[in-house]
Trainee: 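I am attaching a structure below and will ask some questions about it afterwards.
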Protein chains: 2
Amino acid sequence: MKTLRDVALHARVSVATVSRVISGDYPVKEETRRRVLEAINALDYHPNGVARSLKSAKTYTLGVLVPDMANPYFIQIARALEAVVESSGYHLLVASSDEDAEKEIGLIKVFLEKRLDGMVIAPAAVSLSPELASFLSSTLSVVLIDRVLDGVEVGSVREESRQASKLLVRHLVSQGHREIAMITGRKLTTTSLEREAGYRDALQEAHIPFCETYLMWGDYDQETGYLGGKRFLSMKDRRPSAVFCANNLITLGFLHAVDEVGLRVPDDISVVSFGDPFEATFMTPKMTIVVQNPADVGRFAGRMLLRKLERNSTVHDTEEVVLPTEIRLGSSTRSLVVN
Amino acid sequence: MKTLRDVALHARVSVATVSRVISGDYPVKEETRRRVLEAINALDYHPNGVARSLKSAKTYTLGVLVPDMANPYFIQIARALEAVVESSGYHLLVASSDEDAEKEIGLIKVFLEKRLDGMVIAPAAVSLSPELASFLSSTLSVVLIDRVLDGVEVGSVREESRQASKLLVRHLVSQGHREIAMITGRKLTTTSLEREAGYRDALQEAHIPFCETYLMWGDYDQETGYLGGKRFLSMKDRRPSAVFCANNLITLGFLHAVDEVGLRVPDDISVVSFGDPFEATFMTPKMTIVVQNPADVGRFAGRMLLRKLERNSTVHDTEEVVLPTEIRLGSSTRSLVVN
DNA sequence: TGCAAAATAGAAAACGTTTTCTAGGGGAAT
DNA sequence: ATTCCCCTAGAAAACGTTTTCTATTTTGCA
C-alpha cells in the first residue's frame, strides 16, 4: 500500500507538501498541487487513517454497545444513531454484550483501546468497576441508553416505562381481568424494575393483591417468553386471563407457546406487551402495546454525543432524557365485562 | 490518557520493558514484571490500539457493508459473521450503502483508509471503478455476499435463488394459478435477475405467456411492495390471482396494501415470497416461502474471510459458495383446482 | 577463578501522518 | 537599488507503539 512518501517521490516534492495538498488548509502553488494530485491518482494512494488518528488523536469512530444484537429495538437505535452521526463524519462500531457483564467490560476496554471518540452504551450490567467507571466519565464521551449504570455520571436517554406499564395493566383491569401475570427480564436492569413497578402500581390501584406466582423473571428474549407461556398456560386451577409481556421478544416467545398449546389470542388469553413484536402493525393479532420509539432514542443519543464531542471539554454534562411513550390499543385483549 | 512512557517512568524501567511485559513474549525478570504491572494498575493504563495498529499494520477490525440496515436478512448475516470472527479477536464495523452506488464507493474508501484487515460486502452496485476493483482484489481480504460484483475476483457466498423461485411459482401453477404477478428489486442486482429468471422459467414450463404488466421492478423495500400491491390489486379486469414477492420487505409492504384494500390472503389473493417476512413463523398468515438462511451465509463468509486473513498471502482465492435453499409451504396460497 | 554464553534491559529506529519551524525566492515599497 | 515581507516548500519533530540492535549483568562450566 502506498504512502505519502511514495507520492512525494513521484511528484518530486516533500511529504509535507503532499500532506498539505490533501488537507487543503495551507497554500500550495497551483502547479505543485496539480503534480501531487496526479501522483495520488497514478499511485492509487489512500491515506492511512491509522497514522492520521495517531497524530490527531481522533479516530472518527464511535462505539455502540448493546445487550442484544438480535433485538430489532437495539438495531433500530443503532440505525438512527448512525444516521445522525454520519453527517459529522463519524462511523459506528457495533458490538453486543449478549447481556453478559463480563463481556461488556471486555468490550468497553476494546473501545477504549481502539481510542474511539465516544460511545453509546445500553448497559447489561448494573454497575462497572470503579476504575472503569471514573475512566469513562472523565476520558471519553459517553451516552447511556435504555438503562442507567451506577456510578457513571454521563448523559442518558431512555423511554418512559413505569407509567406506560401501569396504563397497560390498567387497561386489562378495566376489561375485567384480575388474574394478570407478567413475564419480564433480569431482576437487576433498570427497565425490568420500572416495568414491574408499573405493573404493581396498577394492581395496587385496583386493589388486586400482588401474587408471586404470577410474576416471572427471566431474560429479555424469546426463550423466556416461551417458558413463561408454558408455565402460565399450564396452570390448571388458576390460569391467568391475561399476560403482560415486558418486551417484544418475550411476547414473540409467549405467542409461540400459546400457539403450540393450541390456544388463541385474545379468545383464550389476553396479551399486552412492551414494544411491537411485529414490525408490521397490520398483522394479526394486532397487539395492545406500549409504542416504543427506538429511532428517537437513537437520534437523541446521537445528538447528545455529538454535542459532547464538539466541545470536547470534559464538561460534566449529566443530562437525563426520558422520552414519553404511549399505549396503542389493539385486538389482543378480550373484555370480560358484560355490557 | 496514559502512555507507555508514563508507565515506564512510574516503574523506573524503559518503555521497551513495559511493552515486553504487556506482550509477554519476551523474558522479563519477575521482580521487574511485578513493578511494571503495578504501575499499569496504578496509572489505569490502556494500550493505544491506534499506535499498535500503525506499527503492526493490523487493526483487528473487519468491515461489513450491506445495502440495507433495515433488512433483518442482512442484520442476521452480520450477527453470524460477528460470532464467527470474534473468536479470532476481530471486531466488526457495520455500514450501510442504502442501495446507493456512490455511497458504497465512499464507504469502501473509508474501510480502506481505516486500514481494516478485511471486509465483507453485499454489493449495491453492479460494478466498481476499475482502480478500486483491482485494489480490492489485490490489497485487502474481501468476501462478497448475496450478490456478485463485476471485475472483483474474490470469494463469494450466496444463496440459490433461481431454482427456488421456479419451485415457488411452479407451486402456484400447480394450484391452478395462471395470472401470476411478480414484484422485485432493482433490475441490475444479481438476486433480482436470478429470481426473475426463475419466475420466467416456471411460466415457460407451464406454457403461460410472460406478461410485461405483471412484472414490477422497484427496490427491495416495503415501499415497493406497497406500490406493487396497489397497482396489481386495482387491476379491475385482470387482477392477478397470485403474486410472487421477491423479498421479505416487499412482502411486508404488499400485505400492507392487501390489508388496506380490504382483501384477504389467501382467500382473495395468493402470495408467495422470498424469505420469511415475519421472524415468528407461527404467525398468520403462514407464508409459503423460500426459506433463506442468512446465518449460514454469515458463517460461511466469516470462515472464508478468516482463512484469507490467516494465510495473509494474496492468494487468488476465488471460491464461490452457493448455499442451497428450500421452499416451505404455508397457508398463504389458495388452490383454484376443483378436486 | 576466569571466560563464554545466556538472561535481561535499554537506546533507537520505524510505522505514516501532521505540524512547527526554518529558509529561499520574489514582489512591493521606500 | 535595497530592504522587508509574503508566499511557498522543505526538514524535522512528534504521536505511542514494537522490535532490532546493543550493552550489561548473571549464570554455568571448565
Side-chain angles (χ1 to χ4, degrees), chain A residues 1-40 43-61 89 109-110 112-117 139 312, chain B residues 1-40 43-61 89 109-110 112-117 139 312:
Chain A
M1 205 160 253
K2 296 293 182 291
T3 75
L4 267 195
R5 219 173 142 269
D6 298 318
V7 177
L9 250 45
H10 189 278
R12 323 195 115 261
V13 296
S14 71
V15 286
T17 301
V18 180
S19 173
R20 297 201 259 248
V21 167
I22 292 173
S23 78
D25 50 25
Y26 192 91
V28 173
K29 215 206 294 180
E30 193 45 40
E31 201 255 329
T32 318
R33 167 191 311 282
R34 204 189 40 68
R35 269 216 324 280
V36 169
L37 288 177
E38 192 204 316
I40 288 179
L43 296 184
D44 237 351
Y45 168 77
H46 293 264
N48 184 327
V50 176
R52 249 184 202 171
S53 291
L54 178 59
K55 186 71 189 140
S56 65
K58 288 272 294 178
T59 55
Y60 278 100
T61 308
K109 282 195 181 144
V110 169
L112 241 32
E113 298 197 355
K114 283 191 184 291
R115 293 296 191 269
L116 305 191
D117 296 337
T139 313
N312 56 4
Chain B
M1 206 160 250
K2 297 293 183 291
T3 75
L4 267 196
R5 222 176 138 266
D6 299 319
V7 177
L9 250 44
H10 190 279
R12 322 193 117 261
V13 296
S14 71
V15 287
T17 302
V18 181
S19 173
R20 297 201 260 247
V21 167
I22 292 172
S23 78
D25 50 25
Y26 192 91
V28 174
K29 214 205 295 179
E30 194 43 42
E31 201 256 329
T32 317
R33 167 191 311 284
R34 203 189 41 68
R35 268 216 324 279
V36 169
L37 289 177
E38 192 203 317
I40 288 179
L43 297 184
D44 238 351
Y45 168 77
H46 293 264
N48 185 328
V50 177
R52 247 183 204 173
S53 292
L54 177 59
K55 187 70 188 138
S56 65
K58 287 273 293 178
T59 54
Y60 278 99
T61 308
K109 283 194 180 144
V110 169
L112 242 33
E113 299 197 355
K114 283 191 184 290
R115 294 295 191 270
L116 304 191
D117 296 336
T139 312
N312 57 2

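In what follows, chains are A, B, ... by sequence order, proteins preceding strands, each numbered from 1.
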Trainee: For A:K29, report the nucleic acid contact type (base, sugar-phosphate, nothing); a contact means any heavy atom under 4.0 Å.
Mentor: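 It contacts sugar-phosphate atoms only.
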
Trainee: If we ignore hydrogens and angles and just use 3.5 Å, is the side chain of A:K114 paired with the main-chain N or O of B:T59 as donor and acceptor?
Mentor: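 A pair under 3.5 Å: yes.
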
Trainee: Ignoring backbone atoms, establish whether A:T17 has a side-chain N or O less than 4.0 Å from OP1 or OP2 of D:dG10.
Mentor: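 Yes, such a contact exists.
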
Trainee: With a 4.0 angstrom cut-off to heavy atoms of chain B, pull out the first and last contacting nucleotide of DNA chain C, in 5'-to-3' order.
Mentor: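 For DNA chain C, the relevant span reads C:dT8 to C:dG16.
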
Trainee: Nearest 0.5 angstrom please: A:L116 CG to A:K58 NZ, how far?
Mentor: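 Output value for this atom pair is 11.5 Å.
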
Trainee: In a table with atom names and distances, give each donor-acceptor pair under 3.5 Å that connects a side chain of residues 4-11 of chain A to protein atoms at least two apart or in another chain.
Mentor:
residue : atom : partner : partner atom : Å
A:D6    : OD2  : A:T3    : N            : 2.8
A:D6    : OD2  : A:T3    : OG1          : 3.4

Trainee: Regarding A:S53, tell me which of base, sugar-phosphate or nothing describes its non-hydrogen contacts under 4.0 Å with the strands shown.
Mentor: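 Result for A:S53 = nothing.
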
Trainee: Ignoring hydrogens and angles, tell me if any N or O in the side chain of A:S56 forms a donor-acceptor pair with the backbone of A:R52 under 3.5 Å.
Mentor: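 Judged by distance alone, yes, a pair lies under 3.5 Å.
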
Trainee: Rounded to the nearest 0.5 Å, how far apart are CE of A:M1 and CG of B:L112?
Mentor: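 These two atoms lie 4.5 Å from each other.
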
Trainee: Taking all heavy atoms of A:E113 and all of B:P47, pick out the closest pair and write down the distance.
Mentor: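 Closest pair (atom of A:E113, atom of B:P47, distance): OE2-CD, 3.4 Å.
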
Trainee: Rounded to the nearest 0.5 Å, what separates atom CD1 in B:I22 from atom CZ in B:R33?
Mentor: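 Atom-to-atom, B:I22:CD1 and B:R33:CZ are 11.0 Å apart.
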
Trainee: Determine the contact category for A:V50: base if any of its heavy atoms lies under 4.0 Å from a base atom, sugar-phosphate if only primed atoms, P, OP1 or OP2 are that close, otherwise nothing.
Mentor: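 If one applies the 4.0 Å heavy-atom cut-off, A:V50 turns out to touch nothing in the nucleic acid.
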
Trainee: So which one's nearest nucleotide on DNA chain C is more toward 5', A:A16 or B:R12?
Mentor: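 In this pair, the answer is B:R12.
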
Trainee: Quick one: pull up CG in A:D44 and NZ in A:K2 and give me the separation to the nearest 0.5 Å.
Mentor: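 That separation rounds to 8.0 Å.
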
Trainee: Does any residue of residues 18-27 of chain B have a heavy atom under 4.0 Å from DNA chain C, and if so, which ones, in number order?
Mentor: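 Residues of residues 18-27 of chain B that come under 4.0 Å of DNA chain C are, in numerical order, B:R20, B:Y26, B:P27.
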
Trainee: Just so I know, are the side chains of B:R35 and B:V13 near enough to count as touching, which here means a heavy-atom distance under 4.5 Å?
Mentor: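 Of all side-chain heavy-atom pairs linking B:V13 with B:R35, at least one is under 4.5 Å.
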
Trainee: Tell me, please, which residues at least two apart from A:K55 pass salt bridge (charged side-chain N to carboxylate O under 4.0 Å, His left out).
Mentor: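 Checked A:K55 against salt bridge (charged side-chain N to carboxylate O under 4.0 Å, His left out); zero matches.
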
Trainee: Of all residues at least two apart in sequence or in a different chain, which pass the ring-ring contact (aromatic ring centres under 6.0 Å, His included) check with A:Y45?
Mentor: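 So A:Y45 forms no ring-ring contact (aromatic ring centres under 6.0 Å, His included) with any residue.
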
Trainee: What parts of residues 2-9 of chain A reach DNA chain D, counting only heavy atoms under 4.0 Å away?
Mentor: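 Of all residues in residues 2-9 of chain A, none places a heavy atom under 4.0 Å from DNA chain D.
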
